[in-house]
Protein chains: 2
Amino acid sequence: MPETARRPESHRYGNRPTMKDVAARAGVGLKTVSRVVNGEPGVTADTERRVQEAIEALGFRRNDSARVLRKGRTASMGLVLEDLADPFYGPLSRAVEEVARAHGTLLFNGSSAEDPEREQELALALCARRVDGLVIIPAGDDHRYLEPEIRAGVATVFVDRPAGRIDADVVLSDNHGGARAGVAHLIAHGHRRIGFIGDMPRIHTAAERLRGYRTAMEDAGIPVAPSWTSLGVTDPERVRRAAEEMLSGPEPVTAIFAGNNRVTITVVRVLAELSRPVALVGFDDFELADLLRPGVTVVAQDAALLGRTAADRLFRRLDGSLVAPERIELPTRLITRGSGELPPAG
Amino acid sequence: MPETARRPESHRYGNRPTMKDVAARAGVGLKTVSRVVNGEPGVTADTERRVQEAIEALGFRRNDSARVLRKGRTASMGLVLEDLADPFYGPLSRAVEEVARAHGTLLFNGSSAEDPEREQELALALCARRVDGLVIIPAGDDHRYLEPEIRAGVATVFVDRPAGRIDADVVLSDNHGGARAGVAHLIAHGHRRIGFIGDMPRIHTAAERLRGYRTAMEDAGIPVAPSWTSLGVTDPERVRRAAEEMLSGPEPVTAIFAGNNRVTITVVRVLAELSRPVALVGFDDFELADLLRPGVTVVAQDAALLGRTAADRLFRRLDGSLVAPERIELPTRLITRGSGELPPAG
DNA sequence: TAGAGCCTGGACAACGTTGTCACGGGCGGG
DNA sequence: CCCGCCCGTGACAACGTTGTCCAGGCTCTA
């Protein structure tokens with residue numbers, strides 16, 4: 001009786017038909033409906049037809065939440081990145097999604113906005129949903145809060161920046177080598193006074209790129225003047241000031257290495273207003289870099305490959321791989337377009 | 001040999017402690033743990049402390065899947081968009097996320113890749129997870145498959161393009177008005193032979209923009225030659241051919257209106273190789289449009305506002321709003337940068 | 001034709017949580 | 001001093017699904 005009363009005659013919102021309702025309507029047992037829905041064997045064609053009709057008539061859709069509770073695996077994963085709106089993360093995110101899709105897994109997405117607290121909050125919320133795995137672009141530098149989760153079986157892979165104070169899989173670009181190659185490229189074109197503008201060194205990628213700059217300069221036996229490096233500037237106005245400063249003064253730089261794509265673009269703006277040519281190489285490729293005059297020479301990392309590699313790694317873990325956590329470094333590629341090949345002026 | 005042995009018991013949730021375990025360890029009842037975890041009143045300070053200690057010691061984290069099953073609301077929503085890697089959708093996605101976050105809701109993300117079947121598959125998978133709501137950027141033009149879901153209470157809002165064959169909330173840009181204004185701008189600068197290159201007219205936005213072009217031309221009393229409009233071209237190679245075609249011939253256009261940002265960028269490339277100046281206005285803004293020479297004049301839509309508006313609408317529905325489904329059109333903005341103000345040549 | 005084996009279908013418990021309700025003890029007021 | 005009330009606590013059912021196991025009915029063979 002109570003079952004009949006719960007029939008979805010009522011168009012009450014939020015009251016969806018369940019397998020029980022379908023079973024009642026089809027005149028079969030609950031488990032038989034489950035079998036039909038999951039394509040399990042052991043149901044006659046006639047019974048199956050009756051069940052299908054009932055499903056159709058009621059607009060039944062299996063409740064995967066309940067399924068998950070019973071089965072253990074949720075077939076979902078989380079991606080915590082820095083900012084969905086940043087064009088660098090679009091392709092990365094998309095690549096992770098494609099791998100997830102290939103494994104029949106849905107993807108939760110969230111932005112940390114470069115705030116460690118928010119990263120943690122997000123990651124733990126995802127764990128509470130019992131995602132099978134996490135791909136994290138770290139904002140913070142201490143990830144011990146994830147220890148119980150990882151121990152409990154949440155496959156976790158860090159991308160773009162290493163994990164802090166825990167042992168986990170990490171997929172990085174070769175930031176040091178890329179920056180080194182980019183700066184060496186400028187040196188090879190005759191520059192000696194080369195500036196570096198980058199993000200706060202507490203961000204691992206920024207620190208590594210700075211290190212690459214220093215290595216290249218050292219390789220060439222060029223001492224670096226303090227006024228040539230500018231760290232921790234990220235908003236356009238301060239980047240502009242930093243660039244203008246190193247371009248004036250007694251020993252102005254003849255070339256600039258920009259530590260990430262946002263910096264690069266601002267520097268392009270500054271240089272466009274200048275009368276003399278200044279060489280520029282930027283870390284990270286960006287759309288339209290080839291359309292500018294001159295085209296912008298960049299050290300490109302493959303965001304999609306980063307994402308794909310991380311996701312592959314994650315699913316290998318979920319499939320039971322027990323190899324020790326690994327640090328994978330992907331190579332970068334120097335793309336010459338003109339701005340990095342300008343000779344020193346003055 | 002039994003299939004049950006295939007997945008070791010330890011692989012289920014990875015042996016996560018449950019409230020029952022916490023209760024046993026703290027020497028209290030199950031429900032008391034629940035009360036502590038949810039901050040419900042009616043627990044003495046001493047009991048609460050014991051429970052907290054047990055939680056800490058075991059590394060317990062509430063299973064929100066089970067919670068959801070019991071409570072009905074999942075505090076999660078889905079966003080189905082065309083391509084996460086497309087820079088236009090980054091800010092939109094981010095805006096939706098911010099609103100979701102403000103409502104304590106997690107966001108599932110998925111790309112349809114402009115494939116109606118994949119859109120449906122994704123949307124229904126999300127419904128099976130019992131998301132509270134959906135924001136969809138439609139790829140297909142028939143969304144009747146969502147009818148049972150909407151009736152069951154899944155708040156659904158369509159963005160950027162209208163829903164097909166069902167009555168639902170829609171948030172759009174004023175594609176017709178924007179294109180009309182953009183073309184009128186060209187006409188105001190003396191152009192009469194104006195070309196239009198856009199996507200397939202089966203895509204609503206493309207059709208509306210074409211209509212805007214025709215309206216503007218009609219307003220000015222300019223008959224449109226068939227060779228001036230090129231529809232359904234989207235890959236760079238064909239856009240290039242289309243542009244070159246309308247720029248040669250007996251009656252070459254002196255200006256081009258580009259139907260979306262990908263077309264615009266390709267046209268910029270084509271025009272860069274040309275000796276004579278050709279005016280250009282594009283639909284959709286893009287980064288660096290101001291850095292090109294000349295800067296590219298565009299009709300800009302506010303992607304973030306689109307996303308925010310849609311998400312707001314969705315949560316208003318979830319809060320019980322019962323107003324009839326509505327169609328919201330957001331205004332566009334003409335940004336002049338140079339390319340649209342070139343006078344007709346020849 | 002009886003027994004064995006197979007196939008179909010259903011009853012029931014379990015997943016981890018929350019809502020309901022009942023119980024016992026301490027306390028204040030009559 | 002006793003009654004009733006409130007407060008802290010816990011037992012139990014329910015959420016919707018799947019895994020296990022068993023009951024019948026059928027076919028096949030000896």
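Letters go in sequence order (proteins before strands), and every chain restarts at 1. Here the structure is a predicted model, which means the values were calculated and not measured.
Taking 4.0 angstrom as the limit, A:S34 places a side-chain polar atom (N or O) nearer than this to OP1 or OP2 of D:dT18. Distances shorter than 4.0 Å separate some side-chain N or O of A:T44 from OP1 or OP2 on C:dG9. For D:dC15, the OP1/OP2 oxygens have no side-chain nitrogen or oxygen of A:N63 closer than 4.0 Å. For the pair B:T47 and D:dT9, the criterion of a side-chain N or O lying under 4.0 Å from OP1 or OP2 is met. Contact check, B:T32 against D:dG10: a side-chain N or O comes under 4.0 Å of OP1 or OP2. Residue B:T18 places no side-chain N or O under 4.0 Å from the OP1 or OP2 atom of C:dC15.
The side chain of A:R70 lies closest to C:dA13, out of D:dG10, D:dT9, C:dA13.
Paired with B:D169 under the rule side-chain hydrogen bond (donor to acceptor under 3.5 Å, both in side chains), one option of B:R317, B:R327, B:R316 passes, and it is B:R317.
We find that NZ of A:K20 is positioned 16 Å from C1' of D:dT18, with the value rounded to whole Å. Atoms CG (A:L69) and P (C:dA13) sit 17 Å apart, rounded to a whole Å. In this structure, CZ of A:R16 is placed 16 Å from P of D:dC15, rounded to the nearest angstrom. Note: CE (B:M19) to P (D:dC15) measures 19 Å, nearest angstrom. Straight-line distance from the CZ atom of B:R67 to the C1' atom of C:dT17: 9 Å, rounded to whole Å. Distance CD (B:E40) to C1' (C:dT20): 12 Å, rounded to an integer number of Å. Between the CZ atom of A:R73 and the P atom of C:dC15 there is a distance of 18 Å, given to the nearest Å. As rounded to whole Å, 12 Å separates atom C1' of C:dG19 from atom CG of B:N38.
Residue A:D141 places its CG atom among 12 or fewer non-hydrogen atoms of other residues, nucleotides or ligands, all under 6.0 Å distant.
The residues A:R308 and A:E98 are annotated as not salt-bridged, no charged nitrogen and carboxylate oxygen being separated by less than 4.0 angstrom. A salt bridge links A:R50 to A:D46: at least one charged side-chain nitrogen sits closer than 4.0 Å to a carboxylate oxygen. In summary, A:R161 and A:E114 engage in a salt bridge, as defined by a charged side-chain N under 4.0 Å from a carboxylate O.
Where A:G27 and B:R62 each meet DNA chain C at their nearest nucleotide, the meeting point lying more 5' is that of A:G27. Of the two residues contacting DNA chain C, namely A:A66 and A:V43, the nearest-nucleotide position lying further toward the 5' end is that of A:V43.
You'll find a donor-acceptor pair under 3.5 Å spanning the side chain of A:R35 and the base of C:dG10, going by distance alone.
Counting any heavy atom pair closer than 4.0 Å across all strands shown, B:K31 reaches a base atom. Within the 4.0 angstrom heavy-atom criterion, only backbone atoms of the sugar-phosphate kind lie near A:V28; the bases stay farther away.
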